[in-house]
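Before any comments, here is the structure.
Fair warning: this is a prediction, and the values are worked out from it, not measured in the lab.
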Amino acid sequence: MASTLDDIVDTEPIDRIADELYALPPADFVAARDTHVRIATEHGDKALAKQITALRKPTSSAWALNLLAREAASDLTEAVALGDELRAAQEELRGSALRQLGARRRAVLSALVRRVETLAKDAGQPLGSDAVQQVRTTLAAALADAVLAARIKAGRLVKPVELSGFGPLSEHAVPVRDDLAPRREQRRERQLARARDDISAAQADVKKADTAVTEAAQALAEREEHSATLRAELRRAQQAEQEASTRLARAERRAVTAREKLAGAETRMTELRGDA
């Protein structure tokens, strides 16, 4: 198992020894560590002896969490995956997903704590109420912090996370960073910037639309006025046509009357010429 402790050199002997030591109950840790230090010294490996000496005895709650990493790795992996989903939902500001994942988080956390209590009891090292609370606090922090989750999965935790409300960690606590806060803030800033851009674009569109409406209304008024002028001219033309038609009818009647008179005059003239 690869080491995650900052002060451990990633070499095969120290990894094997560390895994062995952190699998032991806390009461057996120091004696076993000293034995390994003596063996390394006898073999002339002072560097390895120094590395082993640097390994710290775990608290009972840290030991129980290491036990969880070894005996229930799949349960821990599932919880870590849920923590990844929660961080992604927080980063993307997906409220509905956060509510659903929050309910799952509470259920998974409670199940893990019960699993740790059972494992410790079966190993002959039942946890007290304070240790159980430390286990719960540390697991809750691990769901929010991928670095801490990786440390727990490595099975070499030395001390639990010690939180007081939302205050700082104790000097021995594993640091839990809110790595997502800056990214969430940056995401909000990007969203605000896009919203401002959208508002500016919409305002420009509204201004263009208002201008288009004004121009269309003006054009409509001009065409209505032009139509009214054409209708008035049409009425005048129709009236003139009617008057011209009336004058034509009168002229035609006068022409008929004049032709009749002409015919009558010509008839009398012919008759008069015959009499002569």
Side-chain angles (χ1 to χ4, degrees), residues 1-33 36 51-52 54-87 101 104-163 169-170 172-177 179:
M1 181 182 297
S3 172
T4 59
L5 296 178
D6 294 338
D7 56 349
I8 293 180
V9 176
D10 188 15
T11 58
E12 183 177 343
I14 190 61
D15 282 343
R16 175 180 53 79
I17 293 169
D19 287 340
E20 176 187 332
L21 291 176
Y22 285 109
L24 296 173
D28 300 334
F29 184 91
V30 174
R33 182 190 62 192
H36 280 291
Q51 292 170 349
I52 298 172
L55 298 176
R56 299 294 90 190
K57 174 184 174 181
T59 65
S60 59
S61 56
W63 165 81
L65 287 166
N66 294 335
L67 183 62
L68 176 70
R70 290 190 302 275
E71 302 297 331
S74 60
D75 294 340
L76 187 56
T77 298
E78 178 185 351
V80 172
L82 176 60
D84 294 339
E85 291 184 56
L86 274 165
R87 287 189 293 274
L101 292 171
R104 282 180 56 195
R105 172 188 176 278
R106 289 188 292 274
V108 168
L109 180 59
S110 296
L112 278 180
V113 173
R114 290 193 298 270
R115 184 78 165 117
V116 171
E117 289 184 275
T118 299
L119 288 171
K121 183 177 180 181
D122 292 345
Q125 303 288 326
L127 298 178
S129 58
D130 289 345
V132 171
Q133 183 56 45
Q134 290 171 351
V135 167
R136 180 181 297 276
T137 300
T138 303
L139 287 172
L143 292 180
D145 183 356
V147 174
L148 175 57
R151 289 178 179 270
I152 295 176
K153 289 180 68 177
R156 300 181 190 177
L157 199 65
V158 175
K159 287 184 177 292
V161 169
E162 299 173 3
L163 295 174
L169 300 176
S170 72
H172 301 298
V174 177
V176 179
R177 302 190 302 271
D179 294 332

Residue pair P26 / S60: nearest heavy atoms and the distance that separates them: CG-CA, 4.1 Å
Residue pair I152 / L65: nearest heavy atoms and the distance that separates them: CG2-O, 4.3 Å
pair L157-Y22: side-chain heavy atoms closer than 4.5 Å: no
Spatial distance of atom CG (L21) from atom NE2 (H36) [nearest 0.5 Å]: 5.0 Å
Considering all heavy atoms, the nearest R56-F29 contact: O-CZ, 3.4 Å
Distance in Å, K57 NZ paired with K159 NZ, rounded so as to fall on 0.5 Å steps: 10.0 Å
Atom of W63, atom of A120 and distance for their closest heavy-atom approach: CZ3-CB, 3.9 Å
Interatomic spacing from CZ in R115 to CG in D75 - rounded to 0.5 Å: 5.5 Å
Atom pair OG1/CD of T118 and E71 - distance to nearest 0.5 Å: 12.5 Å
Which atom of R156 lies closest to which atom of N66, heavy atoms considered: N-OD1, 3.2 Å
Non-hydrogen atoms of R136 and L109 that approach each other most closely: O-CD1, 4.0 Å
Non-neighbouring partners of E117 that pass side-chain hydrogen bond (donor to acceptor under 3.5 Å, both in side chains), sequence neighbours left out: none
OG1-CG distance between T138 and L143, expressed to the nearest 0.5 angstrom: 11.0 Å
Test log, rule side-chain contact (heavy atoms from CB on, under 4.5 Å), inputs L68 and L139: CA-CA 11 Å; L68 176 70; L139 287 172; 4.2 Å; yes
Backbone of L55 reached by a side-chain donor or acceptor of R33 within 3.5 Å: yes
Q133 and T137: CA distance, side-chain angles, deciding distance, side chain to side chain donor-acceptor pair (under 3.5 Å) verdict: CA-CA 6 Å; Q133 183 56 45; T137 300; 3.3 Å; yes
